[in-house]
Enquirer: 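I have a structure here, written as structure tokens, and I will follow up with some questions on it.
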Amino acid sequence: MPLLEVKDLRKYYPLPPEHLFGKPRAVRAVDGVSFTLERGETLGLVGESGCGKSTLGRALVRLEDPTSGSVRLDGIDLCALRGERLRRTRGKFQMIFQDPYGSLNPRMTIFSALEEPLRLHTDLNAAERAEKVGRLMELVGLDPELAGRHPHQFSGGQRQRIGIARALAVNPDFIVADEPVSALDVSVQAQIVNLLQDLQAKNRFAMLFIAHDLAVVEHISTRIMVMYLGKVVESAEAEELCRNPQHPYTRALLSAVPSVDPNPGKGKRILLSGDVPSPLRPPRGCRFHPRCPFRKKVCEEQEPELQRKDSSAAHFCACHFPGN
């Protein structure tokens, strides 16, 4: 049984009608996403801004309440948990946020920020918690002597390391990393990505790694899932997806990845026309068809299902004409 099993997850944000007798409306941020994740595996999640990546990640760790669907972590239905039961279970899943400064309380010392989850989710006494905080800081490459400082006294990369240490404090089974390197310099990005890989190898947690940079995702991920307008349009092993993309949206994303030795299969840069449609009024049929250079009549009328590319490969694509 997989560690994490997500089935038909949806997150809609209701809006008032446009006029007095109008129909109810909703922003379909996440619209029927299903996937599984094994222990020790990293699933990369990519897509343009506004496609629903962060909303999906927040729904998985119950920072947002899903509208429908199910999320089972090690057999526990997270969507059914409320109150004290949810609080007790939070030790099994944690989140690393995009903004390494905004996610830390500026009034709390780093010691307090790391000690808090230990106090809430473990039975350690004060001395044991203090010892654990020191080990956590060493684990992410920081001097334990700095634990008395406040977040503003650290660089962006150091603050992100603190965020990682806080997520690892209670030894979670599953971590959502929501664009954890996008606010950092390129050289620091590599350090954080390598740190996450090293820590995952030691602790065997599963990770959903959310980013818009396919080059970073390809490096860290076991599998990659591509989202567009709230839906998954392609999913495959990382090497397979980057070597042999089937969906035109995936190929457009890959063509934007800079490379000194470009893959001949990627071809020249693909420029998509128009902007991402509003999730308030997603297009009929295939949601990508208004921007797709290969669209046909069926694309405008019928929504493609996420199906295997062939009978043997774990490569799924939601396109009427994959590989065009």
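Everything numeric here is computed off the predicted structure, so don't read it as measured data.
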Enquirer: What distance do L136 atom CG and I162 atom CD1 have between them, rounded to the nearest 0.5 Å?
Expert: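 Rounded to the nearest 0.5 Å, the CG-CD1 separation comes to 11.5 Å.
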
Enquirer: Could you walk me through whether R28 and L229 satisfy the side-chain contact (heavy atoms from CB on, under 4.5 Å) test, starting with their C-alpha distance in whole Å, then the side-chain angles of each, then the deciding distance to 0.1 Å, before giving a yes or no?
Expert: CA-CA 8 Å; R28 302 177 182 181; L229 209 61; over 6 Å; no

Enquirer: Shared ILVMFWY cluster between I96 and V216, side chains joined below 4.5 angstrom?
Expert: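 Yes: a chain of side-chain contacts under 4.5 Å links I96 to V216.
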
Enquirer: Is a side-chain donor-acceptor pair under 3.5 Å present for S182 with Q98?
Expert: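 Their side chains do contain a donor-acceptor pair, which is all the 3.5 Å distance test asks for.
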
Enquirer: A side-chain contact here means heavy atoms from C-beta on lying under 4.5 Å apart; do Q160 and V188 qualify?
Expert: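 Counting from C-beta outward, Q160 and V188 never come under 4.5 Å.
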
Enquirer: Given side chains that start at C-beta, do those of T89 and R62 come closer than 4.5 Å, heavy atoms only?
Expert: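 Contact flag for T89/R62 side chains = no.
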
Enquirer: What's the separation between atom CE in M108 and atom CD in E116, rounded to the nearest 0.5 Å?
Expert: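 So the CE of M108 and the CD of E116 are separated by 4.5 Å.
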
Enquirer: Any donor and acceptor pair, going by atom type alone, linking the side chain of K132 with main-chain N or O of A169 inside 3.5 Å?
Expert: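 Yes; at least one donor-acceptor contact below 3.5 Å.
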
Enquirer: Would you call R129 and E115 a salt bridge, taking side-chain N to carboxylate O under 4.0 Å as the test?
Expert: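 Yes, R129 and E115 are salt-bridged.
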
Enquirer: Looking at R82, I'd like to know if its CZ atom is crowded, meaning that more than 12 non-hydrogen atoms belonging to other residues, nucleotides or ligands lie closer than 6.0 Å.
Expert: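 Enclosed: over 12 neighbouring heavy atoms sit under 6.0 Å from CZ of R82.
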
Enquirer: Between R166 and A113 (side chain of the first, backbone of the second, donor and acceptor by atom type, cut-off under 3.5 Å), is there such a pair?
Expert: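 Checked: no pair found.
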
Enquirer: Determine, using the 4.5 Å side-chain heavy-atom cutoff (strictly less than), whether V181 and F97 are members of one ILVMFWY cluster.
Expert: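 No, it is not one cluster - the side chains of V181 and F97 are not joined through contacts under 4.5 Å.
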
Enquirer: Tell me the closest heavy-atom pair linking H289 and P283, and the distance in Å.
Expert: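 Between these two residues, the closest heavy atoms are CE1-CB, 3.9 Å.
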
Enquirer: Drop me the distance from D77's CG to K7's NZ, to the nearest 0.5 angstrom.
Expert: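 Answer rounded to 0.5 Å: 10.5 Å.
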
Enquirer: Output the distance between atom CG (L114) and atom CG (L168), rounded to the nearest 0.5 Å.
Expert: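 With rounding to 0.5 Å, CG (L114) is 10.5 Å from CG (L168).
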
Enquirer: Would you mind reporting whether K92 and L78 have side-chain heavy atoms less than 4.5 Å apart?
Expert: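 Sidechains of K92 and L78: no contact.
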
Enquirer: What is the minimum heavy-atom distance between M1 and G75, and which atoms define it?
Expert: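 Residues M1 and G75, closest heavy atoms: CE-N, 3.9 Å.
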
Enquirer: Nearest 0.5 Å, please: how far is CD1 in I192 from CD in Q158?
Expert: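 Between atom CD of Q158 and atom CD1 of I192 there are 9.5 Å.
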
Enquirer: Give a yes/no verdict on a cation-pi contact between K296 and F294, requiring under 6.0 Å between NZ or CZ and the six-membered ring centre and an angle within 45° of the axis.
Expert: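 Judged by the rule (NZ or CZ under 6.0 Å from the ring centre, within 45° of its axis), K296 is not positioned above F294.
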
Enquirer: Just by modelled atom types, is the T55 backbone N or O under 3.5 Å from a matching donor or acceptor in the E64 side chain?
Expert: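 Judged by distance alone, no pair lies under 3.5 Å.
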
Enquirer: Examine distances only and state if a side-chain atom of R25 and a backbone atom of P16 form a donor-acceptor pair shorter than 3.5 Å.
Expert: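 Flag set: sc R25 to bb P16 pair under 3.5 Å.
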
Enquirer: Any sub-3.5 Å donor-acceptor pair from T222's side-chain atoms to E41's backbone N or O?
Expert: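 Between the backbone of E41 and the side chain of T222 there is no qualifying donor-acceptor contact (under 3.5 Å).
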
Enquirer: Mind checking whether F35 and S235 have side chains closer than 4.5 Å, heavy atoms only?
Expert: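 They are not in contact (no side-chain heavy atoms under 4.5 Å apart), so the answer is no.
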
Enquirer: Does K297 offer a backbone N or O that forms a donor-acceptor pair with the side chain of E300 under 3.5 Å?
Expert: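 Flag not set: sc E300 to bb K297 has no pair under 3.5 Å.
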
Enquirer: Got a donor-acceptor contact below 3.5 angstrom from the K23 side chain to the P17 backbone?
Expert: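 No; judged by distance alone, with no hydrogens or angles, the pair does not exist.
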
Enquirer: If you count every heavy atom of other residues, nucleotides or ligands that lies below 6.0 Å from E305 atom CD, does the total exceed 12?
Expert: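 No, because the 6.0 Å sphere around CD of E305 holds 12 heavy atoms or fewer from other groups.
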
Enquirer: For N125 and A127, indicate whether the former's side chain and the latter's backbone hold a donor-acceptor pair under 3.5 Å.
Expert: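 Yes, N125 side chain to A127 backbone: donor-acceptor pair under 3.5 Å.
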
Enquirer: Would you name the heavy atoms of D173 and L3 that are closest together and state the gap between them?
Expert: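 In terms of heavy atoms, the two residues are closest at O-CD2, 3.3 Å.
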
Enquirer: Should C319 and P248 count as side-chain neighbours, where that means a heavy-atom distance under 4.5 Å?
Expert: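 A side-chain contact under 4.5 Å exists here.
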
Enquirer: Flag yes if more than 12 heavy atoms outside D143 fall under 6.0 Å of its CG atom; otherwise flag no.
Expert: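 More than 12 heavy atoms, drawn from other residues, nucleotides or ligands, come within 6.0 Å of this atom.
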
Enquirer: Is there a side-chain contact between Y101 and P106, using heavy atoms and a 4.5 Å cut-off?
Expert: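 They are in side-chain contact.
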
Enquirer: So that I can tick it off, tell me whether R135 and E138 are bridged by a salt bridge, with the cut-off set at under 4.0 angstrom between side-chain N and carboxylate O.
Expert: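 Result for this pair is no, no salt bridge flagged.
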
Enquirer: Is there a path of hydrophobic side-chain contacts, each under 4.5 Å between heavy atoms, that joins L241 and L45?
Expert: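 No, no single cluster joins them.
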
Enquirer: Any side-chain heavy-atom pair from I220 and Q197 closer than 4.5 angstrom?
Expert: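 With C-beta onward as the side chain, the pair touches.
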
Enquirer: With rounding to the nearest 0.5 angstrom, report the CZ to CG distance, R161 to L139.
Expert: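 Answer for the CZ-CG pair, R161 versus L139, is 10.5 Å.
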
Enquirer: After noting the C-alpha distance and the side-chain angles of V217 and F209, does the key distance pass the side-chain contact (heavy atoms from CB on, under 4.5 Å) rule?
Expert: CA-CA 7 Å; V217 172; F209 187 91; 4.2 Å; yes

Enquirer: With the 4.5 Å side-chain cut-off for hydrophobic clustering, are V30 and V27 part of the same group?
Expert: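 Looking at the clustering, V27 is in a separate group from V30.
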
Enquirer: How about V133 and L118: do any of their side-chain heavy atoms sit closer than 4.5 Å?
Expert: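 In short, these two side chains touch, coming nearer than 4.5 Å.
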
Enquirer: Evaluate L60 against M95 for side-chain contact (heavy atoms from CB on, under 4.5 Å), listing each step before the verdict.
Expert: CA-CA 10 Å; L60 293 177; M95 189 164 188; over 6 Å; no

Enquirer: Specify the closest pair of heavy atoms between S221 and L43, including all atoms of both residues, with the distance to one decimal.
Expert: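 Scanning both residues, the minimum pair turns out to be OG-C, 4.2 Å.
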
Enquirer: How far apart are the closest heavy atoms of D178 and S54, and which atoms are they?
Expert: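 Taking D178 first and S54 second, the nearest heavy atoms are OD1-OG, 2.9 Å.
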
Enquirer: So, does S34 use its side chain to make a donor-acceptor pair with the main chain of D8 at under 3.5 Å?
Expert: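 Yes, the answer is positive, given that a donor and an acceptor are paired below the 3.5 Å cut-off.
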
Enquirer: Between E179 and K53, what is the shortest heavy-atom contact and its length?
Expert: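 Shortest heavy-atom separation between E179 and K53 comes out as OE2-CE, 3.8 Å.
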
Enquirer: Would you confirm whether R159, through its side chain, and F154, through its main-chain N or O, come within 3.5 Å as a donor-acceptor pair?
Expert: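 Between the backbone of F154 and the side chain of R159 there is a qualifying donor-acceptor contact (under 3.5 Å).
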
Enquirer: Apply side-chain contact (heavy atoms from CB on, under 4.5 Å) to I224 and C242, showing your working.
Expert: CA-CA 9 Å; I224 297 177; C242 294; 4.0 Å; yes

Enquirer: For the pair H247 and Y228, evaluate ring-ring contact (aromatic ring centres under 6.0 Å, His included) and give the outcome as yes or no after the intermediate values.
Expert: CA-CA 11 Å; H247 199 281; Y228 184 80; 7.7 Å; no

Enquirer: Give a yes or no on whether E301 atom CD has more than 12 heavy-atom contacts from other residues, nucleotides or ligands under 6.0 Å away.
Expert: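 It does: E301 CD has more than 12 such atoms within range.
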
Enquirer: Using the rule that Ile, Leu, Val, Met, Phe, Trp and Tyr join whenever any side-chain heavy atoms are under 4.5 Å apart, tell me whether V193 and I164 fall into a single cluster.
Expert: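 Both belong to a single hydrophobic cluster.
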
Enquirer: Just one of Q246, E234, Q307, R223 clears the side-chain hydrogen bond (donor to acceptor under 3.5 Å, both in side chains) bar with H315, so which one?
Expert: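 Result: among Q246, E234, Q307, R223, E234 is the only option passing the side-chain hydrogen bond (donor to acceptor under 3.5 Å, both in side chains) with H315.
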
